[in-house]
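To start, the structure under review is shown below, and the notes come after it.
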Amino acid sequence: MEATLTKADVRGMEGGSPQEASLIRACQEGDQTAFNLLVWRWEKPLFNFTYKYVGDAHLAQDLVQETFLRVLKSIGGYEHRGSFSTWLYRIAVNLCKDHFRKKRVPMVSFNDYYTTSSGDRVYVKDRVVDERAGSDEALAAADREELVRRLLAGLPEEQRVVILMKEYQALRFREIAEVLDLPEGTVKARLYRGLRTMREQLESSGITGMGSGGVR
Amino acid sequence: MNKACSYGEEQLISLLYEDGDEAGVAELRAHLAACAGCRAEVEALTSTREMLSAWPNAVNVPRMVYVNERSGFPARVRRWAGAIGRSWPRSLLQPIAAAAAVALMLVAAAALLDVRVAPDGSLRLGFRGGPPLDQQVADAAGAAPDGAGAGVPDGTAAETAAGITREELAGELTQTVAQLEELFRSRSDEERRLLMAAIDERMQEQGLAMSQELHGAVDAAFGDIQQQQESDLGLIFSAIDELGVITGSELQRMNNILASLMQRGPGFEEE
């Protein structure tokens, strides 16, 4: 490696930074420590992204692993123009899409139901919302999380992936556009429609808001 | 968006996330002061965004380690921490150190565990440093009428009888490997080779007997481990195998034992 970098150096490593460029060059020269630093820097956000995307922790692990494998295979020809993370996310997104395509995995629909911590099934679309579940006291954090999972899972994939990248990965719009090879305007439009859809789902089921205390 | 207004989705989203289109956002901000419809739209979407925080990102995620093959770069990325549990040291970067550390971990595991024959003839798994094993067995017999569960108990009873939990064991081994990692990091290549040779010798000397006992004890404690799925730990063991540290059959048995002991869900902690 040109300069000896540590985990601390790459902890908040920005895309396109000299540290990133240095690490990638070292990887291209076969430096396994450099590659491990890249893995260390990105495995956590990448796992969180794929986990939320596919909804299965073990599958997410496999997909992240495969993402890094592909990076290893291709990094020799990688040209450091944009940010490395953009390239990484693009590989991960494609792998997730491939998975859904090959497996034909049916996405869980928000229109089904979600199960509260007390075991009650709450059917949202049918307005069979358990009153207790709708109270601040009854809807615990786990229930709110489950509701969010369901809402996201019920979105069209093109909207969901944008929300995941923006809300949970904090990517810039230009980065998301680069990952998905879309105009920025399209990214924003999909994000807007996704949020609107989620809100409409909540409203149609009598849930008008979710503060820290629960569904209202 | 208020349909009577000319502001589009893109400006609204840029405002919500404070990302891009500064001019359009400034214009929209000024407009919001006078337009209740657009304000309501912004508030509703802000509320929807806040709701998304109910599903936080995981903090402790399964870690990976990159194991370079002797054939050279590129190599494999091996995922293995998930089989052990959370907070597993992941920076075992040098393959020889990783292999040696895992091998040493196996020796350490044997040192930590106490295998005895219970009064009913079954093998019992205990934890060194804990309550006397006889006391553990007596406690378990007292808790299980007519000695039920003394032979091949279910997982919960087995853990009670053994006086350890998988979490405790995983915690112990995590500490052990962290120490080993540091040990190997501080040694020269030649010292590592010598240490590896010593480990190899010790495994050859003790491995078979240790495996038989442990295998029997774990069998009794946790049921038919052969039926359990092979864990990712197997990948690490195969890497060790490639390095010629210990034999394949020994690896397989060790793998089964440790995978059984430590098999658990992902158990992510949330932020």
Side-chain angles (χ1 to χ4, degrees), chain A residues 7 29-33 35-36 39-40 43-45 47-49 51-52 57-58 60-62 64-66 68-69 71-73 75-76 141 143-149 151-152 163 166-169 172-174 184-185 187-189 191-193 195-196 198-199 202-203 208-212, chain B residues 1 8-21 41 43-69 72-83 90-95 229 232 235 265-268 270-271:
Chain A
K7 289 179 179 178
E29 292 163 5
D31 186 327
Q32 69 180 56
T33 301
F35 184 73
N36 269 302
V39 171
W40 182 84
E43 64 182 344
K44 193 168 167 178
F47 171 82
N48 274 312
F49 170 70
Y51 176 45
K52 283 183 163 66
H58 293 293
Q61 288 175 3
D62 289 341
V64 172
Q65 178 173 316
E66 184 60 27
F68 282 117
L69 279 171
V71 168
L72 265 175
K73 287 174 186 169
I75 201 161
D143 299 332
R144 293 199 304 274
E145 178 180 322
E146 180 63 16
L147 177 60
V148 171
R149 287 172 189 254
L151 282 168
L152 285 169
I163 290 179
K166 191 61 187 170
E167 285 290 343
Y168 298 106
Q169 301 298 311
R172 309 280 297 179
F173 283 125
R174 62 172 170 71
E184 270 191 56
V187 170
K188 292 177 183 175
L191 180 53
Y192 176 79
R193 284 198 289 274
L195 292 177
R196 279 294 298 260
M198 293 175 76
R199 194 182 90 200
L202 289 170
E203 287 175 350
T208 56
M210 269 179 62
S212 58
Chain B
M1 207 70 203
E9 301 166 354
E10 293 183 31
Q11 282 167 298
L12 180 57
I13 288 296
S14 295
L15 172 71
L16 274 180
Y17 290 91
E18 298 182 347
D19 181 5
D21 193 13
E41 177 79 356
E43 286 167 8
L45 290 177
T46 302
S47 171
T48 307
R49 281 197 63 200
E50 287 170 355
M51 178 192 68
L52 291 170
S53 65
W55 188 11
N57 284 330
V59 176
N60 288 328
V61 304
R63 292 299 199 176
M64 292 183 192
V65 62
Y66 160 58
V67 181
N68 195 0
E69 291 179 332
F73 202 86
R76 294 166 295 180
V77 180
R78 289 274 165 82
R79 168 171 62 81
W80 60 296
R90 56 162 296 285
S91 50
L92 299 172
L93 304 181
Q94 300 297 325
Q229 287 187 333
D232 288 338
L235 292 172
F268 305 117
E270 306 292 350
E271 275 174 344

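Each chain gets a letter, A, B and so on, in the order the sequences are listed, and its residues count up from 1.
Every residue meeting the side-chain contact (heavy atoms from CB on, under 4.5 Å) condition with B:Asp19, not counting sequence neighbours, appears here in chain and number order: A:Lys166, A:Arg172, A:Phe173, B:Tyr17. Not counting sequence neighbours, A:Tyr168 has no partner by the ring-ring contact (aromatic ring centres under 6.0 Å, His included) test.
A:Arg193 is listed as a side-chain neighbour of B:Glu9, based on a closest heavy-atom distance under 4.5 Å. Side-chain contact between A:Leu191 and B:Leu16: absent, with no pair of heavy atoms (C-beta onward) separated by less than 4.5 Å. A:Leu195 has its side chain within reach of B:Ile13: a pair of non-hydrogen atoms, C-beta onward, lies under 4.5 Å apart.
A:Glu167 has a carboxylate O that lies under 4.0 Å from a charged side-chain N of B:Arg49, or vice versa, which qualifies the two as a salt bridge.
Of all heavy-atom pairs between A:Lys52 and B:Pro56, the closest is NZ-O, 3.1 Å. The heavy-atom pair separating B:Met51 from A:Val148 by the smallest distance is O-CG2, 3.3 Å. When all heavy atoms of B:Glu10 and A:Lys188 are compared, the pair lying nearest together is O-CD, 3.8 Å.
Atom CH2 of B:Trp55 and atom CZ of A:Arg144 lie 15.0 Å apart (nearest 0.5 Å). Rounded to the nearest 0.5 angstrom, B:Leu45 CG and A:Met198 CE are separated by 11.0 Å.
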